[in-house]
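The structure under discussion appears below in the form of C-alpha cells.
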Amino acid sequence: MSKLEHNVDLSRYNSFGFAARAENFVRVESLVQLQDAVVLARQNRWPMLVLGGGSNLVLRERVPGLVIQMGIVGRQAQPVGRDEVLVTLGAGEIWHPSLIWMLDQGYYGLENLALIPGTVGAAPMQNIGAYGVELEQGFNSLQALDTETGVLRRFSREECCFGYRDSYFKSAAPGRYIIVDVSFSLSLQPRPVLRYQVLVDELQARGIEQPHPRDLFEVVCDIRRSKLPDPVAVGNAGSFFKNPLISETHYADLQRQYPALVAYPAGKDYKLAAGWLIEQCGWKGHTRGSVGVYARQALVLVNLGTGTASELMLLADEIVQSVEARFGVTLEMEPRLYPA
Ligand code: EPU
C-alpha cells in the first residue's frame with residue numbers, strides 16, 4: 001500500500017488552482033497499489049475521486065473520502081502490419097509529452113490534440129477533441145479497473161460509447177471504472193487532418209504546402225497559446241461549457257435575428273459557438289471578485305488567484321441564465337464539479 005496522507009492541499013493538483021483539501025489522499029504507481037487503494041476506500045465507505053491532471057475539474061473547498069492520484073506510467077509500442085502501430089500508455093502519463101514522444105517515434109494521427117492539458121487516462125473520459133480530431137479517432141481500446149468487482153476489464157472503442165466530450169465512463173457509469181492504460185492505433189504514414197479552416201489558413205500563411213504532422217503540431221500549439229491561458233499562469237480548465245447543439249428550426253430562427261451567429265452543421269442539428277453567445281451577452285473579459293471570463297476566449301473561465309469553486313459556479317450560473325434569456329439556449333458545463 002502506498003502512503004496514505006490526510007488533509008492534503010490539492011491546489012497544485014487542479015488546473016484552476018483552487019485551494020481544496022482532501023480528507024484522505026494516496027498516490028498510486030501500480031495496478032496493485034490502485035487495487036489496494038480501492039479496497040481501502042470500500043472498507044471505509046469513502047467516496048473516491050481519481051485525479052489525473054485535474055484539468056477538467058472544479059474542486060470545492062472540502063473533498064471528502066479518498067483522492068487517488070493516478071501515477072501509473074509506461075509507454076509501449078507494437079507494430080501492426082507495415083503501416084500501423086499499437087501504442088499503449090499508462091493512465092498517469094501526461095498527454096502533451098506523450099504526444100511529443102509519439103511524433104518523435106513517427107507515430108501519427110493525434111497531432112491536432114497538441115497542448116491539451118491533463119493525463120492519458122483522463123483523455124478518453126471526455127473524448128478530448130480539438131481542431132478537427134477527437135481522441136476516438138486514434139483510439140484502439142483501454143483497460144479499466146472495475147471498483148465494484150476489483151477486476152480489470154478491457155473496453156473496445158464501441159464499448160466506450162464516445163460522443164462529443166462524452167464517454168461511457170463519464171455519463172453511463174460515472175465513478176465505477178478507473179482507467180489504467182489506453183491503447184492507440186496510430187499510422188506510420190503521415191496523414192494530416194486539415195478539416196479546420198484556421199489550420200489551413202495558418203499553414204498557408206507560413207508557406208507550408210505539404211504539411212508534415214510536426215507542422216500541424218506546431219501550428220496547433222501556437223493557435224492554442226494565442227487563445228487559451230496557460231493554467232500554470234492563470235487557473236482555468238479550458239472550455240468551461242460545451243458548444244450546444246440546437247435543431248435546424250431553432251438555428252434558422254436565431255440566424256434570422258442574429259445574422260452573425262457562429263454555427264456549424266452537425267448531422268441534422270447545428271452546433272453553436274458558445275464563446276460567441278457568451279461574448280454577445282457582454283461577459284468577455286468580465287471579472288467578478290477573484291474569478292472571471294478570459295479576455296481572449298469567452299468560453300474559458302479563470303481563477304484570478306484566490307477564487308473558489310463557489311464563486312466560479314455563481315458566475316457560471318449567471319452566464320448560463322443570460323445566454324438562456326437572450327438566445328433560448330441552455331449551456332452545459334464541461335468540467336466536472338466535485339463534490340457535485
Ligand atoms: N468565438 C467568439 N468569441 C469568443 C470565442 C469564440 O465569437 O470569445 C467564436 C469565434 O467565431 C470562433 C468560434 O467561436 O471562431 C470558435 O472558437 P474557437 O475556435 O476558439 O473554438 P471553441 O468552439 O470555442 C472548441 C473546443 C476547444 C477546442 C477548439 C478548437 C469545446 C467545448 N471546445 O472551442 O476545446 O480547442 O474548439 O477545436 O468544444 C476544451 O474542450 O477545453 C477546449 C479548449
Side-chain angles (χ1 to χ4, degrees), residues 14-16 52-58 95-96 99 110-119 122-137 162-167 170 193-202 216-217 219-231 234-246 254-255 258-266 269-287 292-302 316 319-320 322-323 326-327 329-336:
N14 73 99
S15 64
F16 263 116
S55 54
N56 202 43
L57 195 61
V58 178
W95 178 260
H96 184 68
L99 198 57
L110 297 172
E111 44 281 354
N112 300 42
L113 303 181
L115 221 54
I116 295 185
T119 56
M125 276 285 171
Q126 51 148 353
N127 187 21
I128 55 170
Y131 299 100
V133 171
E134 284 183 321
L135 177 102
E136 62 172 308
Q137 282 155 257
F162 290 122
Y164 167 57
R165 296 292 187 279
D166 195 25
S167 72
K170 184 172 172 186
V193 177
L194 296 166
R195 228 172 284 141
Y196 241 66
Q197 194 55 39
V198 278
L199 296 184
V200 178
D201 294 347
E202 188 53 38
L216 216 57
F217 173 90
V219 163
V220 169
C221 286
D222 290 347
I223 297 176
R224 287 187 73 98
R225 284 197 186 101
S226 72
K227 286 190 177 184
L228 301 167
D230 175 0
V234 185
N236 77 94
S239 302
F240 195 84
F241 299 102
K242 291 192 201 179
N243 284 329
L245 279 179
I246 59 168
L254 281 180
Q255 226 273 329
Y258 305 97
L261 183 75
V262 184
Y264 315 90
D269 299 324
Y270 280 82
K271 193 185 262 187
L272 300 183
W276 187 86
L277 301 174
I278 297 169
E279 182 173 349
Q280 295 305 303
C281 292
W283 290 106
K284 197 168 184 171
H286 183 91
T287 61
V293 179
Y294 192 53
R296 274 185 271 159
Q297 224 299 7
L299 196 48
V300 176
L301 301 191
V302 292
I319 293 173
V320 171
S322 68
V323 168
R326 176 136 175 218
F327 299 103
V329 173
T330 310
L331 294 182
E332 202 185 311
M333 182 176 165
E334 215 241 286
R336 178 177 180 200

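This structure is a prediction, so every number in the text was calculated from the model and none was measured. The chain is numbered in sequence order, starting from 1. We count ligands from 1, going down the list as the structure has it; atoms in each ligand are counted the same way.
Within ligand 1, the atoms closer than 4.0 Å to a non-hydrogen atom of Gly238 are 42 (O), numbered from 1 in the order shown. Distances below 4.0 Å separate heavy atoms of Leu299 from the following atoms of ligand 1: 24 (O). Proximity to Glu334 (heavy-atom distance under 4.0 Å) selects the following atoms of ligand 1: 40 (C), 41 (O), 42 (O). For ligand 1, the atoms sitting less than 4.0 Å from at least one non-hydrogen atom of Val262 are 11 (O), numbered in the order shown with element in parentheses. Taking a cut-off of under 4.0 Å to the non-hydrogen atoms of Lys284, the atoms of ligand 1 that pass are 3 (N), 4 (C), 8 (O). Within ligand 1, the atoms closer than 4.0 Å to a non-hydrogen atom of Arg224 are 36 (O), numbered from 1 in the order shown. The contact set between ligand 1 and Phe241, taken as ligand atoms under 4.0 Å from a residue heavy atom, comprises 32 (C). Proximity to Ala298 (heavy-atom distance under 4.0 Å) selects the following atoms of ligand 1: 4 (C), 8 (O).
When hydrogens are left out, the protein atom nearest atom 7 (O) of ligand 1 is Trp276 CD1, 3.2 Å; that is the closest non-hydrogen contact. In terms of protein heavy-atom proximity, atom 5 (C) of ligand 1 is nearest to Gln297 OE1, 3.4 Å. Considering only non-hydrogen protein atoms, atom 38 (O) of ligand 1 sits nearest to Tyr131 N, 2.7 Å. Looking at atom 23 (O) of ligand 1, its nearest protein heavy atom turns out to be Asn243 ND2, 2.8 Å. Taking atom 34 (O) of ligand 1 as the reference point, the nearest protein heavy-atom neighbour is Ser239 OG, 4.1 Å.
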For this session: Show the numbers, then the answer: is there a side-chain contact (heavy atoms from CB on, under 4.5 Å) between Leu113 and Val220?
Result: CA-CA 8 Å; Leu113 303 181; Val220 169; over 6 Å; no

Problem set entry | Verdict with reasoning, Arg336 to Lys170, per side-chain contact (heavy atoms from CB on, under 4.5 Å) | CA-CA 9 Å; Arg336 178 177 180 200; Lys170 184 172 172 186; over 6 Å; no

Exercise. Would Arg225 and Asp230 satisfy side-chain contact (heavy atoms from CB on, under 4.5 Å), going step by step from the backbone distance to the final call?
Worked result: CA-CA 7 Å; Arg225 284 197 186 101; Asp230 175 0; over 6 Å; no

For this session: Could you check Ile319 against Leu301 for side-chain contact (heavy atoms from CB on, under 4.5 Å), going step by step and ending with a plain yes or no?
Result: CA-CA 11 Å; Ile319 293 173; Leu301 301 191; 3.8 Å; yes

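Comparing Glu279, Arg165, Glu332 by heavy-atom distance to atom 4 (C) of ligand 1, the nearest is Glu279.
A donor-acceptor pair is defined here as one N or O able to donate and one able to accept, closer than 3.5 Å; no such pair exists between the side chain of Trp95 and the backbone of Ala122. Between the Tyr131 side chain and the Ala114 main chain, no donor and acceptor come within less than 3.5 Å of each other. A donor-acceptor pair is defined here as one N or O able to donate and one able to accept, closer than 3.5 Å; such a pair exists between the side chain of Asn236 and the backbone of Pro229. With hydrogens and angles ignored, the 3.5 Å screen pairs no side-chain donor or acceptor of Lys227 with any backbone N or O of Gln297. The backbone N or O of Gly132 sits nowhere less than 3.5 Å from a side-chain atom of Asn112 that would complete a donor-acceptor pair.
Among the atoms of Leu228, none of the N or O lies under 3.5 angstrom from an N or O of ligand 1. Geometrically, ligand 1 and Tyr164 share a nitrogen or oxygen pair separated by less than 3.5 Å. At least one N or O atom of Lys227 sits closer than 3.5 Å to an N or O atom of ligand 1. Not one N or O of Tyr264 is nearer than 3.5 Å to an N or O of ligand 1, by distance alone.
The two residues Val293 and Trp283 come nearest to each other via the heavy atoms CB-O, 3.2 Å. Scanning both residues, Asn243 and Leu299, for their nearest heavy atoms gives OD1-CD2, 3.8 Å.
Distance check: Arg165 CZ to Asn127 CG gives 8.0 Å after rounding to the nearest 0.5 Å.
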Would you list the atom pairs, donor with acceptor, under 3.5 Å between side chains in residues 269-279 and any protein atom, with sequence neighbours excluded?
residue: Glu279; atom: OE1; partner: Lys284; partner atom: NZ; Å: 3.2

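Atom 26 (C) of ligand 1 is approached by the protein to below 4.0 angstrom, counting heavy atoms only. Atom 12 (C) of ligand 1 lies below 4.0 Å from none of the non-hydrogen atoms of the protein.
Ligand 1 is never approached by Tyr294 to a heavy-atom distance shorter than 4.0 Å. Between Gln126 and ligand 1 there is no heavy-atom distance shorter than 4.0 Å. Ligand 1 lies nowhere less than 4.0 angstrom from a heavy atom belonging to Gln280.
Counting only heavy atoms from C-beta outward, the side chains of Leu331 and Pro244 approach each other to under 4.5 Å.
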